[in-house]
Amino acid sequence: MSDLQLKDLYDGFRDPDTIKAFKKIIDEDAKKLEHPINIMEVCGGHTHTIMKYGIPQLLPDNINFVHGPGCPVCIMPKERIDHAYVLSMQEDVILVTLGDMIKVPGSNGSLQDARSKGADVRFVYSPLDCLKIANENKDKKIVFFAIGFETTTPMTAALMDTVIKQDIKNIYFHINHVTVPEVMRELIDSRDEHVDSYNHQIDAFLGPSHVSVISGSKIYEEFPRDYKKPVVVAGFEPVDVMQSISMIVKQFIENRCELEIEYKRLVSYDGNKKAQDLINIYFEKISLFKWRGLGNIKDSGLKLRDEYAKYDAEVIYKDILPIAQIEDHKLCICGDILRGMASPPECTIFGTACKPSTPIGSCMVSSEGACAAYYKYGNLL
Amino acid sequence: MCLSIPSKVTHIDEESNVCTVDTMGVERKASLDLIDQPVVIGDYVLIHIGFAMNKIDEEDALASLEVYREIIEKMEEEDRRQAILEDDNCPNRG
Ligand code: SF4
Ligand code: SF4
């Protein structure tokens, strides 16, 4: 029925002429802005696109980016990594996790360090890979250190579902799933405790789109309505980002404040019902989750429901998991970066003591972290 | 950790509910357990950590591309007009 080709998708949404065309539209519209606008991109995927394609340089001076919380890896506090570390050091445990998590330093070191001390830590591409590991290691306990925003939560729920349906006896879960609207709210609400101009740091949001593929755009409804911050749910290609910025600017000059979806080819208002249902079966909110650099945020984390406690590594290993609260490195300003109050080069150890090979904060560890993006694409600045 | 590259479904194994996709020439397998729409061979889907998350709406994708094309054309026209106007106003035209 259709003539859509993969090539159209790649080329079309990365097309330099289209980017230039949007630049023109934005340049024209931005002249009509009454004040400069700061747009927070909440998600690290956007930070990456913005840096990689040099989008700040394409924009007029009165449109700025502030980088947001970014990636589940960036916001993982040391306390949770210490949990993973301790679990991985158990003789009969294979600790399984995703992505860059393995490199994030905890207070005893990273999971990579644990591995070099003999721990069995495995990085997988998909939570489903746990099934194979569990099957091949029946005498071991597989602990899945689950991380991620709304995007990855249903995948953990799907693994849980399979574990129960197939009555698999050696897979356990350490849940670190966090939710995005709560942190966005925190970033706006926390203005009183911080510099007085803080509230003015965010005028609008680029909404994380993969989160909305699952949750629907509806989760951001409160921001235009209650906080007067427009939200445009944006795709990850450079054209998507440019179009979304143009949509935000248009809202300002037309005096509108709305929730809009730019990434219509994947995001709907309601999102993926099946995934949402699965999440609700297995997870419930916890009252507080600590975000690295941001502190405790109300209702921002998930845990397994009590009826699944026998799969919950935090319950099973309660006695050995450390409970100490840990401060971040004194010089690391990840917290301010995650709040959109500072940019990476303002950190005194950026690129010197702290770089991707020797990361101090997780903004540098995660390949999608703001510091890593600045380090990698810094020559574009 | 997130790729937003679309993948084309090339094979579906009904029994395991797993599809094979082609992502820019790389073949991968992905679970269909989380997708809430029917998927057929030839569909474009977004894969995230081993799961097909959502179908890419072709109509919307094509519509956006069409809008972009129009914007560029309009721009060029405007550019052209601009150039002509500027030329018209050029004092050195003689
Ligand atoms: S995991 Fe990917 S989509 Fe999710 S917040 Fe991080 S960069 Fe964005
Ligand atoms: S450069 Fe390193 S230490 Fe500084 S804020 Fe970024 S991650 Fe933290």
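The structure displayed is predicted, hence computed values, not measured ones. Sequence lines set the chain letters: A, B, ... in the order given, protein chains first and strands last, and positions in each chain run from 1.
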Discussion item. Just to be sure I understand the criterion: a residue of residues 30-40 of chain B counts if one of its heavy atoms is under 4.5 Å from a heavy atom of chain A. Which ones qualify?
Written reply: S31(B), L32(B), D33(B), L34(B), I35(B), D36(B)
When you measure from the side chain of [X] to the backbone of [Y], do you find a donor-acceptor pair of N or O atoms at a distance under 3.5 Å?
| X | Y | answer |
| --- | --- | --- |
| T18(A) | R14(A) | no |
| T97(A) | F145(A) | yes |
| K23(A) | L58(A) | yes |

Worksheet item: So, H177(A) and T156(A): side-chain donor and acceptor under 3.5 Å apart, yes or no?
Response: yes
Fill in: Leading residue by heavy atom contact count with chain A [cutoff under 4.5 Å; candidates M75(B), K55(B), K8(B)]
M75(B)
Worksheet entry | Option that, when pairs with chain A are counted at under 4.5 Å, heavy atom only, ranks first among V45(B), I71(B), N54(B) | N54(B)
Taking every non-hydrogen pair under 4.5 Å, which of [options] racks up the most with chain B?
| options | result |
| --- | --- |
| K24(A), K264(A), M155(A), H48(A) | M155(A) |
| K20(A), Q243(A), E262(A) | Q243(A) |
| V124(A), V239(A), D129(A), L278(A) | V239(A) |

Practice prompt. Report yes or no: is the cationic atom of R265(A) (NZ for Lys, CZ for Arg) under 6.0 Å from the centre of the six-membered ring of F13(A), at an angle within 45° of the ring normal?
Written response: yes
Practice prompt. Would you mind checking which part of K74(B) comes under 4.5 Å of any heavy atom in chain A, side chain (CB onward), backbone (N, CA, C, O), both or neither?
Written response: neither
Worksheet entry | Sole residue of T152(A), V267(A), T151(A), T179(A) in side-chain contact (heavy atoms from CB on, under 4.5 Å) with V211(A) | T151(A)
Discussion item. Here's a test for you: under side-chain contact (heavy atoms from CB on, under 4.5 Å), which of I248(A), I261(A), V241(A) qualifies with V232(A)?
Written reply: I248(A)
Worksheet item: Given the rule in the salt bridge (charged side-chain N to carboxylate O under 4.0 Å, His left out) test, do K250(A) and D29(A) qualify, once you have shown the distances and angles that lead to the verdict?
Response: CA-CA 7 Å; K250(A) 286 215 185 322; D29(A) 286 345; 2.4 Å; yes
Item to complete: Heavy-atom distances under 4.5 Å only: say whether I214(A) touches chain B with side chain, backbone, both or neither.
Response: side chain
Practice prompt. Can you tell which part of D161(A) gets under 4.5 Å to a heavy atom of chain B, answering side chain, backbone, both or neither?
Written response: neither
Worksheet item: F173(A) and Y282(A): aromatic ring centres closer than 6.0 Å?
Response: no
Response to the item:
For D277(A), the side chain to side chain contact (heavy atoms under 4.5 Å, CB included) test, sequence neighbours excluded, returns K273(A)
